[in-house]
Amino acid sequence: MCADSSSTPSTFSSDSKFSSTSRKAASVLSHHPERITSGEQARQLAGIGRKIADKIDEFLQTGHLRKLDKIRASDVAVATAELSRVSGIGPAKARQLIDGGVRTLEELRARPELLNRHQTLGLRYVTEFESRIPRQEAAAIERHVLHRVAELDGRYRATVCGSYRRGAESSGDVDLLITHPDYTSDGAETGRRRTVDGAETGRGRSAAGSATARGSGRSAGGRLLGAVVDHLSQDGFVTDTLSQGDSKFMGVCRLPGAQYTTHRRLDIRLVPHDQYHCAVLYFTGSDEFNRQMRAHALEQGFTLNEYGLRPLGTTGVAGEPVPVGSEREVFEYLQYPYRPPEQRNL
DNA sequence: GTCCC
DNA sequence: TTCCATGCGCG
DNA sequence: GGGACCGCGCATGGAA
């Protein structure tokens, strides 16, 4: 979605460090309004240190980077980039495959037993997932989904977020948020522990295996999300599932009709009713807009995230979430001039 | 690697 | 069977 | 000089 930081080469040691810093540097540079004419100038920006400034100077003077040339020439980096085109294959799996002698998608197709479910689907649809979704088609998907959800149960509320909601002419996937009055963050009828703010330790879940989730013992969320997914699968719109839990479905869809030949990535999140507007705000982005808005919230003595808007006590401890009746209300609480989604493309 | 303490 | 760590995708 | 670096849902596989 953001300016591709020239396909992060993850060749050498601890590349998590590498990618996070260089991503940050690339982001800062790409958002900088003026033309960078020297490493020294770039050095003033947050996230640009000595090394990167040096590289900028080298590039400005020679038109290329020796180190980058070397990385691009590396077979392993080429193979890693190739295998990473497949959804579900990241650096670790790519390395494992390369170690096993698999370096191309063609070789990968010959070894289906090496892939899990997500990766298998990622390989099947690799080309289709790489093509962008024209706004027209995204709109048709939106109409289809909203109609189907409404006919299932009129109490659902649903919004397509992401770059589509910001008016983009094309999108990488469709991100649908849904909510239902029977599903709230107090977990009244779920009996499951739920967090209202995400500020807790953030330990991983252990959600019972999907086998269980599909069966009888399903939480309120699981049923509400599952019903939507089932309904969307009924008419063949949803074609595959990459993953599905109680609150998030990640899968594949395709509209009926001969003009729609390409499978598209579809995500559906079920959000607690009382957190819906903050979630829509958050998942509409852009990332940069979210950062700015959260920073503004802090200045106003609030903390803002996808779960809610909460006042900060003098001690810095967040209080109870402010009840929010619309996306616009969040802006109002923060005395932040309202911006329609189309103007959040920062 | 960069930022910040 | 349950718990836990790791990999991955994502805004 | 030395630690922090976004946080979270889901799948998976090995440990308990």
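So you know, we letter chains A, B, ... as the sequences are listed, proteins then strands, and number each from 1.
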Write down the distance between [atom1] ([X]) and [atom2] ([N]), rounded to a whole number of angstrom.
X: A:Lys93; N: D:dT12; atom1: NZ; atom2: C1'; result: 11 Å
X: A:Met250; N: C:dG9; atom1: CE; atom2: C1'; result: 5 Å
X: A:Leu242; N: C:dC8; atom1: CG; atom2: C1'; result: 11 Å
X: A:Arg95; N: C:dT6; atom1: CZ; atom2: P; result: 15 Å
X: A:Arg165; N: C:dG11; atom1: CZ; atom2: C1'; result: 14 Å
X: A:Leu266; N: C:dG9; atom1: CG; atom2: C1'; result: 15 Å
X: A:Gln119; N: D:dT12; atom1: CD; atom2: P; result: 9 Å
X: A:Leu177; N: C:dC10; atom1: CG; atom2: C1'; result: 12 Å

Candidate nucleotides [options], ranked by approach to the side chain of [X] - the nearest:
X: A:Asp287; options: C:dG7, C:dC10, C:dG11; value: C:dG11
X: A:Phe283; options: C:dG9, D:dC10, C:dG11; value: C:dG11
X: A:Asp173; options: C:dC10, B:dC3, C:dG7; value: C:dC10
X: A:Asp267; options: B:dT2, D:dC8, C:dC10; value: C:dC10
X: A:Ile52; options: B:dT2, C:dG11, D:dT12; value: B:dT2
X: A:Asp175; options: D:dG9, C:dG9, C:dG11; value: C:dG11
X: A:Ser243; options: B:dT2, D:dG9, D:dA11; value: D:dA11

Task: Touch class at under 4.0 angstrom, heavy-atom based, for A:Tyr282 against every strand present - done: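 Base contact - A:Tyr282 has a heavy atom under 4.0 Å of at least one base atom.
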Open item on the list: Considering every strand and a 4.0 Å limit on heavy-atom distances, what is the contact class for A:Leu45: base, sugar-phosphate, or nothing?
Closed with: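 Sugar-phosphate contact only - A:Leu45 comes under 4.0 Å of backbone atoms but never of a base.
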Open item on the list: Give me the distance, rounded to whole Å, that separates B:dC3 from D:dC6 when you measure between the P atoms they each carry.
Closed with: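 Comparing P positions in B:dC3 and D:dC6 gives a spacing of 14 Å.
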Open item on the list: Quick one, A:Phe129 with A:Asp173, criterion side chain to side chain contact (heavy atoms under 4.5 Å, CB included). Give me CA distance, side-chain angles, the key distance, then yes/no.
Closed with: CA-CA 8 Å; A:Phe129 288 171; A:Asp173 64 4; over 6 Å; no
Do the side-chain N or O atoms of [X] get closer than 4.0 angstrom to the phosphate oxygens (OP1, OP2) of [N]?
X: A:Lys248; N: D:dC10; value: no
X: A:Thr284; N: C:dG11; value: no
X: A:Arg265; N: C:dC10; value: yes

Side-chain H-bond candidate by donor/acceptor type, [X] with [Y], under 3.5 Å:
X: A:Asn345; Y: A:Ser286; result: no
X: A:Arg254; Y: A:Thr239; result: no
X: A:Asp175; Y: A:Tyr164; result: no
X: A:Thr184; Y: A:Asp274; result: no

Task: Stacked cation flag A:Arg339 on A:Phe331, 6.0 angstrom / 45 deg - done: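 No, A:Arg339 does not lie over the aromatic ring of A:Phe331.
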